[in-house]
Trainee: 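Below is the structure I would like to discuss, written out as structure tokens.
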Amino acid sequence: DVKVTQSSRYLVKRTGEKVFLECVQDMDHENMFWYRQDPGLGLRLIYFSYDVKMKEKGDIPEGYSVSREKKERFSLILESASTNQTSMYLCASSLPLNNQPQHFGDGTRLSIL
Amino acid sequence: AQSVTQLGSHVSVSEGALVLLRCNYSSSVPPYLFWYVQYPNQGLQLLLKYTTGATLVKGINGFEAEFKKSETSFHLTKPSAHMSDAAEYFCAVSYRDDKIIFGKGTRLHILP
């Protein structure tokens, strides 16, 4: 089975801090994704990556950046955390085919105080 | 723009009753379709998917969904609800670029 591991289940940070969320997958998937999930809004795509060192903006990239130096690892960075970035963050990976599902980690619940 | 609509943000059914969660998509081309389930404090887990072939798709935990092109629908059903089915369910579609568009989710409540 595909395993997508997010480094933290719960994280509390302060406004203005630089925050790193880490995601690792063990199935050699080319594609990796970062979403945020908020009540009533579903999942919104922040960034995705098709390959190492490649990244593309999703629907809500403002205030975020990403890094993919190795195929198995995809990091989400909050450059200067703000309270409106308090949310559940989900990482996913998939094969590079439209008919393939995405596999999700358990999520990181991030609170910005 | 492509979109996915899930009718009802909350659905309640009695234990043992039929579960029906509705999903409609907008598309001029046939999509690939998925249903995911999310239990509290967990990520999303794939329930089932439709890519090509048979339009009635069976998934895990007794769920199934039927792709109806004429109605642009992909409703999720289960004949008999169990307490363990209480969760949030997401319908999703994929068209190109390997991205998936998710619906806003339906929270399923099971009444004893």
Side-chain angles (χ1 to χ4, degrees), chain A residues 1-11 21 23-25 27 29-51 54-61 88-110, chain B residues 1-10 21 23-25 27 29-54 57 59-60 63 65 67 74 76 87-107:
Chain A
D1 276 354
V2 177
K3 183 69 173 177
V4 179
T5 303
Q6 295 184 230
S7 54
S8 304
R9 294 296 304 277
Y10 301 93
L11 206 54
L21 303 184
C23 175
V24 177
Q25 51 96 1
M27 284 301 292
H29 283 171
E30 283 79 3
N31 297 343
M32 296 190 75
F33 307 82
W34 275 106
Y35 296 89
R36 65 176 283 175
Q37 182 181 16
D38 300 288
L41 298 179
L43 275 71
R44 293 181 291 169
L45 182 64
I46 304 172
Y47 268 97
F48 59 101
S49 169
Y50 289 137
D51 203 347
M54 293 182 65
K55 60 184 180 183
E56 290 196 30
K57 294 180 180 179
D59 301 316
I60 53 164
M88 168 72 96
Y89 290 86
L90 292 167
C91 175
S93 72
S94 76
L95 290 169
L97 296 167
N98 291 350
N99 62 357
Q100 292 299 307
Q102 293 181 8
H103 300 267
F104 285 82
D106 282 337
T108 295
R109 190 167 293 281
L110 176 64
Chain B
Q2 295 91 354
S3 65
V4 180
T5 302
Q6 292 184 238
L7 188 62
S9 57
H10 292 265
L21 303 182
C23 174
N24 289 87
Y25 64 91
S27 173
V29 297
Y32 300 114
L33 295 156
F34 309 88
W35 274 101
Y36 287 84
V37 61
Q38 184 180 33
Y39 299 103
N41 297 316
Q42 293 186 23
L44 276 67
Q45 177 183 356
L46 181 68
L47 265 180
L48 49 81
K49 67 176 182 179
Y50 169 79
T51 53
T52 58
V57 181
I60 62 172
F63 284 93
F67 170 56
F74 190 56
L76 182 70
E88 189 157 21
Y89 293 80
F90 292 90
C91 180
V93 299
S94 174
Y95 298 100
R96 64 181 188 278
D97 296 336
D98 301 346
K99 287 189 287 184
I100 291 180
I101 300 170
F102 289 88
K104 288 183 166 45
T106 297
R107 187 167 296 278

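Numbers restart at 1 for each chain; the letters A, B, ... are given by sequence-line order, proteins then strands.
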Trainee: So, the side chain of B:Tyr32 versus the backbone of A:Pro101: is there a donor-acceptor pair under 3.5 Å, distance only?
Mentor: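 Flag not set: sc B:Tyr32 to bb A:Pro101 has no pair under 3.5 Å.
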
Trainee: What part of A:Gln100 lies closer than 4.5 angstrom to a heavy atom of chain B: side chain, backbone, both or neither?
Mentor: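 Backbone plus side chain of A:Gln100, per the 4.5 Å heavy-atom cut-off to chain B.
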
Trainee: What part of B:Gln45 is in contact with chain A, defined as an atom under 4.5 angstrom from a non-hydrogen atom: side chain, backbone, both or neither?
Mentor: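 No part of it gets close to chain A.
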
Trainee: Can A:Leu43 and B:Leu44 be said to form a side chain to side chain contact (heavy atoms under 4.5 Å, CB included), step by step?
Mentor: CA-CA 10 Å; A:Leu43 275 71; B:Leu44 276 67; 4.1 Å; yes

Trainee: Heavy atoms only, distances under 4.5 angstrom: which of A:Arg109, A:Gln37, A:Met88, A:Gln6 has the most pairs with chain B? Name it, please.
Mentor: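 Top count of heavy-atom pairs under 4.5 Å with chain B: A:Gln37.
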
Trainee: Tell me if the CG atom of B:Leu7 is crowded by more than 12 foreign heavy atoms within 6.0 Å.
Mentor: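 At most 12 heavy atoms, drawn from other residues, nucleotides or ligands, come within 6.0 Å of this atom.
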
Trainee: Under 4.5 Å heavy-atom distance to chain B, tell me which part of A:Arg44 shows up: side chain, backbone, both or neither.
Mentor: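 For A:Arg44, there is no contact with chain B at all, as no heavy atom is under 4.5 Å.
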
Trainee: Does any backbone or side-chain atom of B:Gln6 lie under 4.5 Å from a heavy atom of chain A? Answer side chain, backbone, both or neither.
Mentor: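 It is neither, since no heavy atom gets under 4.5 Å.
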
Trainee: A:Arg9 and B:Asn41: side chain to side chain contact (heavy atoms under 4.5 Å, CB included), yes or no, with the steps?
Mentor: CA-CA 9 Å; A:Arg9 294 296 304 277; B:Asn41 297 316; 3.9 Å; yes

Trainee: Hey, which of B:Tyr36, B:Phe34, B:Tyr39 is the one that makes ring-ring contact (aromatic ring centres under 6.0 Å, His included) with A:Phe104?
Mentor: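 Only one of B:Tyr36, B:Phe34, B:Tyr39 forms a ring-ring contact (aromatic ring centres under 6.0 Å, His included) with A:Phe104, namely B:Tyr36.
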
Trainee: Using a 4.5 Å cut-off on heavy atoms from C-beta on, say whether the side chain of A:Leu90 contacts that of B:Gln42.
Mentor: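 Not in contact.
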
